[in-house]
Amino acid sequence: MKKLAITFISSLLLFSCSTDDNSSVANQKGQLVMEVNTRETYVNKPVYFIVKDSRGNYSTHLAKITSIANNDQTVAINGRYKPSKTGEFTFVAKAKIDGITYKDSSPITIKVKEPTNKIFSINGTSYPIEQASLKIKRFRNKLPNGKEDIQDLIYSKEDNYFYNEYELLVSGGTPYPSSTSVTFLVRNETVKSENGQVISYDKRVLPNQVETTIIKQIITKESNGPTTVNDIYTYANNNLEFYYLDPIKDGLSTQVLTKSYFGLKFDSTIIDYVGELTFSELIIDN
């Protein structure tokens, strides 16, 4: 009888341990998986992290991506990291999802350099950029009293959002210059409307103040070759992105920015430029 009792107690202990083990397995930490679109970039040019949980579900917005030993290098909730200085910076992702604290992701190191390129490419042929300009589109109103009123052009789309409109031009190359012109939109959330009419306009939004733009048109002129016009109207994306612009002074219709940094990658047209940029107004008569 005593032997049977010992056997019964041993069975209970074995069952209890087995149950505890199953519970531990069900609640153990899974490891986050972090990916990045590139491990090398330049100052002010963003890279984009993606975080997935152990089941492969996208969890970037639920994770916190932090820099090891460089707390001034921060990553936004959408996984966007815009480096502010050169160096090598290592990041890990941390998260607690559905009550489970996940094991940190494997670290990823990003190498950041200073940008130097001043080139654009059309159909695989590269040209040096010798001139670069950016114009904001404005319109001229003639008032009943004979005076003129010049205002920024506000573009509206069927998405019920409002936009500032810009035109970027880069050119260069010898003996016959080539050029690329890009007309694009920058969303302006300060615009207020009523019954489809603009009732207030707080301020213009510059292209370096947003993460995405909408390309309307690209015109390319190849050296001693044809001019190609592409009407596009893309959705908002970062095919064209202004990583940096020197501060633009109010009240000046034309000014030269000592430093600008922007890039375009759309089909066979590429721009990669850091350098001087002439900012001016393109005034359209209403």
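Bear in mind the structure is a predicted one, so any value in this text is a computation, not a measurement. For reference, positions follow the sequence shown, starting with 1. Atom set for the values below is all heavy atoms of this structure, side chains included, hydrogens, waters and symmetry mates excluded.
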Quiz item: For residues 104-134, which residue pairs qualify under ring pair (Phe, Tyr, Trp, His ring centres under 6.0 Å), counting only residues two or more places apart or in two chains?
Solution: Phe120-Tyr127
Quiz prompt | Side chain Asp246, main chain Lys259, donor-acceptor under 3.5 Å | solution = yes
Exercise. Kindly compute the distance separating CG (Asn239) from CD (Glu241), expressed to the nearest 0.5 Å.
Key: 10.0 Å
Quiz item: Closest approach of Leu32 and Lys94, non-hydrogen atoms and distance?
Solution: CD1-C, 3.7 Å
Exercise. For the pair Ser280 (side chain) and Lys135 (backbone), establish whether a donor and an acceptor sit closer than 3.5 Å, ignoring hydrogens and angles.
Key: no
Quiz item: Around atom NZ of Lys137, are there more than 12 heavy atoms of other residues, nucleotides or ligands at under 6.0 Å?
Solution: yes
Practice problem: Report yes if the side chains of Ile271 and Thr180 come closer than 4.5 Å at any heavy-atom pair, otherwise no. | Solution: yes
Quiz item: Are Asn237 and Thr212 close enough, and set up right, to give a side chain to side chain donor-acceptor pair (under 3.5 Å), and what steps lead you there?
Solution: CA-CA 5 Å; Asn237 57 42; Thr212 61; over 6 Å; no
Exercise. Given side chain to side chain donor-acceptor pair (under 3.5 Å), test Asp152 with Tyr201 step by step and report yes or no.
Key: CA-CA 9 Å; Asp152 289 351; Tyr201 173 59; 2.7 Å; yes
Self-check item: Heavy-atom neighbours of Asn57 CG exceed 12 at 6.0 Å
Solution: yes
Self-check item: Within-4.5 Å side-chain heavy-atom neighbours: Thr254 and Leu252
Solution: no
Quiz item: Looking at Glu40 and Lys111, does any basic side-chain N land under 4.0 Å from a carboxylate oxygen?
Solution: no
Quiz item: When you look at CD of Glu281, are more than 12 heavy atoms from neighbouring residues, nucleotides or ligands closer to it than 6.0 Å?
Solution: yes
Quiz prompt | Any donor-acceptor N or O pair under 3.5 Å, side chains Asn188, Tyr161 | solution = no
Quiz item: Are the side chain of Asn117 and the backbone N or O of Ile119 linked by a donor-acceptor pair below 3.5 Å?
Solution: no
Quiz item: Taking ILVMFWY side chains as joined if any heavy atoms are under 4.5 angstrom apart, and letting links pass through other members, which residues group with Val274?
Solution: Tyr42, Tyr243, Tyr244, Tyr261
Quiz item: Would Ile108 and Ile65 show up in the same hydrophobic cluster when neighbours are defined by side-chain heavy atoms closer than 4.5 Å?
Solution: yes
Self-check item: Shared hydrophobic cluster for Ile232 and Val210 (ILVMFWY, side-chain gaps under 4.5 Å)
Solution: yes
Quiz item: Taking atom CD1 of Ile68 as the centre, does the number of heavy atoms from other residues, nucleotides or ligands within less than 6.0 Å exceed 12?
Solution: yes
Exercise. Measure across Thr227 and Ile219 and return the closest heavy-atom pair with its distance rounded to 0.1 Å.
Key: CG2-CG2, 3.7 Å
Practice problem: Establish whether Leu169 and Ile215 are linked, either directly or via other cluster members, by ILVMFWY side-chain heavy-atom contacts under 4.5 Å. | Solution: no
Quiz item: Hey, are the side chains of Leu282 and Arg138 touching, using non-hydrogen atoms and a 4.5 Å cut-off?
Solution: no
Self-check item: Cluster link Leu257 to Val43, ILVMFWY, side chain under 4.5 Å
Solution: no
Practice problem: State whether a side-chain donor-acceptor pair under 3.5 Å links Ser126 with Ser121. | Solution: yes
Exercise. Please determine, by modelled atom types, if Thr90 and Thr109 share a side-chain donor-acceptor pair under 3.5 angstrom.
Key: yes
Quiz item: Can you say whether the rings of Phe279 and Tyr166 are parallel (under 30°), tilted (30 to 60°) or perpendicular (over 60°)?
Solution: tilted
Exercise. State, to 0.1 Å, how close Gly172 and Glu130 come at their nearest heavy-atom pair, and which atoms those are.
Key: CA-OE1, 3.7 Å
Quiz prompt | Modelled atom types, side-chain donor and acceptor of Gln73 and Ser84, under 3.5 Å | solution = yes
Quiz item: Can a donor-acceptor pair be found between the side chains of Gln217 and Asn230 at a distance below 3.5 Å?
Solution: no
Quiz item: Side-chain donor-acceptor pair under 3.5 Å between Tyr102 and Gln31, yes or no?
Solution: no
Practice problem: Pick out which of Asn238, Thr38, Asn78, Asn37 makes a side-chain hydrogen bond (donor to acceptor under 3.5 Å, both in side chains) with Tyr48. | Solution: Asn238
Quiz prompt | Student check: side-chain heavy atoms of Phe184 and Pro207 closer than 4.5 Å | solution = yes
Quiz prompt | Donor-acceptor under 3.5 Å (Lys265 side chain, Thr269 main chain) | solution = no
Quiz prompt | Side-chain heavy atoms of Ile150 within contact of Ile283, under 4.5 Å | solution = yes
Quiz prompt | Residues that Glu189 engages under salt bridge (Lys or Arg N to Asp or Glu O under 4.0 Å), provided they are two or more places apart | solution = Arg187
Quiz item: How far apart are the closest heavy atoms of Phe242 and Leu245, and which atoms are they?
Solution: CD2-CD2, 4.0 Å
Quiz item: Which hydrophobic side chains are connected to Val33, either touching it within the sub-4.5 Å cutoff or through other members that do?
Solution: none
Quiz item: Do the side chains of Leu153 and Leu134 join up, straight or via other hydrophobic residues, at under 4.5 Å, putting them in one cluster?
Solution: no
Quiz item: Do the side-chain N and O atoms of Asp149 and Gln151 include a donor-acceptor pair separated by under 3.5 angstrom?
Solution: yes
Practice problem: Decide, yes or no, whether a salt bridge links Lys216 with Glu165 under the criterion of side-chain N to carboxylate O below 4.0 Å. | Solution: yes
Exercise. Begin with the C-alpha distance, continue with both residues' side-chain angles, and end with the deciding distance and a verdict on side-chain contact (heavy atoms from CB on, under 4.5 Å) for Asn164 and Tyr155.
Key: CA-CA 6 Å; Asn164 289 115; Tyr155 187 92; over 6 Å; no
Quiz item: What closest approach, in Å, do Val51 and Met34 show between heavy atoms, and which atom pair accounts for it?
Solution: CG2-CG, 4.2 Å
Quiz prompt | Residue pairs fulfilling salt bridge (Lys or Arg N to Asp or Glu O under 4.0 Å) with at least one residue in residues 247-256, sequence neighbours excluded | solution = none
Quiz item: Is Lys113 close to Lys45 at the side-chain level, that is, under 4.5 Å between some pair of heavy atoms?
Solution: no
Quiz item: Can you name the nearest heavy-atom pair linking Leu62 to Ala95, along with the distance?
Solution: O-CB, 3.9 Å
Practice problem: Flag the pair Ile248 / Gln255 as yes when at least one side-chain heavy-atom distance between them is below 4.5 Å, and no otherwise. | Solution: yes
Quiz item: Just by distance, do the side chain of Ser260 and the backbone of Gly275 share a donor-acceptor pair under 3.5 Å?
Solution: yes
Exercise. Please confirm whether the backbone N or O of Ser223 pairs with a side-chain atom of Ser178, one donor and one acceptor, at under 3.5 Å?
Key: yes
Exercise. For Lys85, enumerate each residue passing the side chain to side chain donor-acceptor pair (under 3.5 Å) test, keeping only those at least two apart in sequence or located in another chain.
Key: Asp72
Practice problem: For this output row, return yes or no: ring centroids of Tyr273 and Phe262 closer than 6.0 angstrom. | Solution: yes
Quiz item: Say you draw a straight line from OG1 of Thr60 to CD1 of Ile77; how long is it, rounded to the nearest 0.5 Å?
Solution: 10.0 Å
Exercise. With the side chain counted from C-beta on, respond yes when Ile270 and Leu264 share a heavy-atom pair under 4.5 Å apart, and no when they do not.
Key: no
